[in-house]
Amino acid sequence: MVKTPEEVALMRISGRLLASVFEMLDRVDLAGRSTMEINDLVERFITGDLASRPASKGQYGFAYVLNCSINDVVCHGVPSATEFVKEGDIINLDITLEKNGFIADSSKTYMVGEVAPAARRIVRIAQEAMWQGIAQVRPGARLGDVGHAIERHAKRNGCSIVREYCGHGIGREMHEEPQVLAFGRRGTGQRLVEGMTFTIEPMVNQGTRKVATLDDGWTVVTGDGKLSAQFEHTVAVTADGVEVLTLRQGERPLL
């Protein structure tokens, strides 16, 4: 679970490259595009412009470079040539990238055009919840501190946290130890030490935390049809706190 300074330096490269993928997407008008078109755009950018590997493609038999989760889709939405992004949608794009043998993982929920106030609110709460978790990361803290801070923020805002999916250690493999839950009790769980690298990726629902998986075996939706939003960063524990390896240019913590 603990990386050497040299390994963290390589992960920093992967994280910066992945951040640039989202910076590219920030300039794209997603409305009217199919989710497959977005997938193909990201694949060309990662493989061509960045000379890197989209780590999700082929992982667990998944054929695409990203997950695209619209409105009530919690996670693992599958790109499709017949699914189009519309004005007013919220869409989470979850993307991974490997460079020099090390993987970075990040996601962002985009608001497409003018979205309803309730949609804007769930996106904000999910982003704030992620940053609440990140703020707990430092040597000597515990993973339960991270999960507690995330869930406390969601619940204070009348939202729920999905419990079936969680963050994870990351490095040479996409999914390493430890599991990083978006709920927990303070002072419990794995103690954090310098050199640990993992993702923090809360999935926040408007209504019930219950979810269901569709017949494609991938797509996970909210149990009540209400909206869900997610944000994710890859982080490293430093000597005196935390470094967000996938931080995008101009991005500021929401605390």
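Note that the structure is predicted; figures quoted are calculated from it, not measured.
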Quick one: does Gln136's side chain have a donor or acceptor within less than 3.5 Å of a partner on Gly133's backbone?
no
May I ask you to decide whether Arg163 forms a salt bridge with Glu151, counting only side-chain N to carboxylate O separations under 4.0 Å?
yes
Near-ring test Tyr60/His175, centroid separation under 6.0 angstrom
yes
Cut-off 3.5 Å, side chains only: do Thr238 and Asp240 have a donor facing an acceptor?
yes
Counting C-beta onward and ignoring hydrogens, is there a side-chain heavy-atom pair between Ser69 and Asp94 closer than 4.5 Å?
no
Would you say His148 and Gln132 are linked by a side-chain donor-acceptor pair, where the criterion is simply a distance under 3.5 Å?
no
Option from Asn100, Leu245, Ile103, Thr246 for which side-chain contact (heavy atoms from CB on, under 4.5 Å) with Met11 holds:
Leu245
Option passing side-chain contact (heavy atoms from CB on, under 4.5 Å) with Ile95 (candidates Asn67, Asp105, Leu25, Val65)
Leu25
Joint hydrophobic cluster, Val123 plus Ile161, side-chain heavy atoms closer than 4.5 Å:
yes
For the backbone of Gly101 and the side chain of Glu98, can you confirm whether one donor and one acceptor N or O come within less than 3.5 Å of each other?
yes
Any link between Met36 and Leu30 through a network of hydrophobic side chains (Ile, Leu, Val, Met, Phe, Trp, Tyr) touching at under 4.5 Å?
no
List the steps and the verdict of side-chain contact (heavy atoms from CB on, under 4.5 Å) for Phe102 and Glu7.
CA-CA 8 Å; Phe102 286 89; Glu7 289 172 328; 3.6 Å; yes
Ile13 versus Leu17: any side-chain heavy-atom pair under 4.5 Å?
yes
Using a distance-only test with no angle check, is there a side-chain donor-acceptor pair under 3.5 angstrom linking Thr109 and Asn92?
yes
Just checking, any donor-acceptor pair under 3.5 angstrom between side chains of Tyr110 and Asp26?
yes
Do Met24 and Leu41 touch side chain to side chain, with heavy atoms closer than 4.5 Å?
yes
Determine whether Met130 and His233 make a side-chain contact, defined as any pair of heavy atoms from C-beta on separated by less than 4.5 Å.
yes
Do Ile90 and Met111 have side chains that approach each other closer than 4.5 Å (heavy atoms only, starting at C-beta)?
yes
May I have the step-by-step check of side-chain contact (heavy atoms from CB on, under 4.5 Å) for Leu214 and Val221, ending in yes or no?
CA-CA 7 Å; Leu214 300 186; Val221 298; 4.0 Å; yes
Gly140 versus Arg191, closest heavy-atom pair with distance:
O-NH1, 3.1 Å
Aromatic contact, Trp131 with His153 (centres under 6.0 Å):
no
Do the charged groups of Arg27 and Glu23 touch, with an N to O distance under 4.0 Å?
no
Counting only heavy atoms not in Gln179, do more than 12 fall under 6.0 Å of its CD?
no
Starting from the C-alpha separation in whole Å, work towards a yes-or-no answer on side-chain contact (heavy atoms from CB on, under 4.5 Å) for Val85 and Thr35.
CA-CA 7 Å; Val85 181; Thr35 52; 4.3 Å; yes
Distance only, no hydrogens: is a donor on one side chain within 3.5 Å (strictly under) of an acceptor on the other, for Asn205 and Ser228?
yes
Just by distance, no angles: are the side chains of Lys3 and Thr197 close enough, under 3.5 Å, to form a donor-acceptor pair?
yes
Taking only Lys NZ, Arg NE, NH1 and NH2, and the carboxylate oxygens of Asp or Glu, determine whether Arg142 and Asp145 approach each other closer than 4.0 Å.
no
How close do Arg138 and Leu192 get, counting heavy atoms only, and between which atoms?
O-CB, 3.6 Å
Do Thr96 and Ser56 have side-chain atoms, one donor and one acceptor, less than 3.5 Å apart?
yes
For residues Val220 and Cys75, determine if any side-chain heavy atom of one lies less than 4.5 Å from a side-chain heavy atom of the other.
yes
Give the minimum heavy-atom separation between Arg248 and Arg16, together with the two atoms involved.
CA-NH2, 4.3 Å
Please tell me if the side chains of Ile46 and Arg53 come closer than 4.5 Å, counting only heavy atoms from C-beta onward.
no
Which atom of Ala154 lies closest to which atom of Ile125, heavy atoms considered:
CA-CG2, 4.4 Å
Closest heavy-atom contact between Met203 and Tyr165?
CE-CB, 3.5 Å
Electrostatic pair Arg12-Glu243, nearest N-O below 4.0 angstrom:
yes
Supply the atom-to-atom distance Ser107 OG to Glu232 CD, rounded to the nearest 0.5 angstrom.
5.0 Å
Transitive ILVMFWY side-chain link Phe45 to Leu66, under 4.5 Å:
yes
Check the angle between the aromatic planes of Phe62 and Trp218 and answer parallel, tilted or perpendicular using the 30° and 60° thresholds.
perpendicular
Taking atom types as modelled, find out whether His168 and Glu201 have a side-chain donor-acceptor pair closer than 3.5 angstrom.
yes
Between Val235 and Ile150, is there shared hydrophobic-cluster membership here, with clusters defined by ILVMFWY side-chain heavy atoms closer than 4.5 Å?
yes
On the ring face of Phe84, is Arg33 found with NZ or CZ under 6.0 Å from the centre and within 45° of the axis?
no
Indicate the atoms forming the closest heavy-atom contact of Ile170 with Met174, along with that distance.
CG1-O, 3.5 Å
Beyond-backbone contact of Val21 with Val42, side-chain heavy atoms, under 4.5 angstrom
yes
Stepwise side-chain contact (heavy atoms from CB on, under 4.5 Å) test for Val78 and Asp216
CA-CA 9 Å; Val78 180; Asp216 64 9; 4.0 Å; yes
Taking Val180 as the starting point, is it possible to reach Val2 by hopping between hydrophobic residues whose side chains are less than 4.5 Å apart?
yes
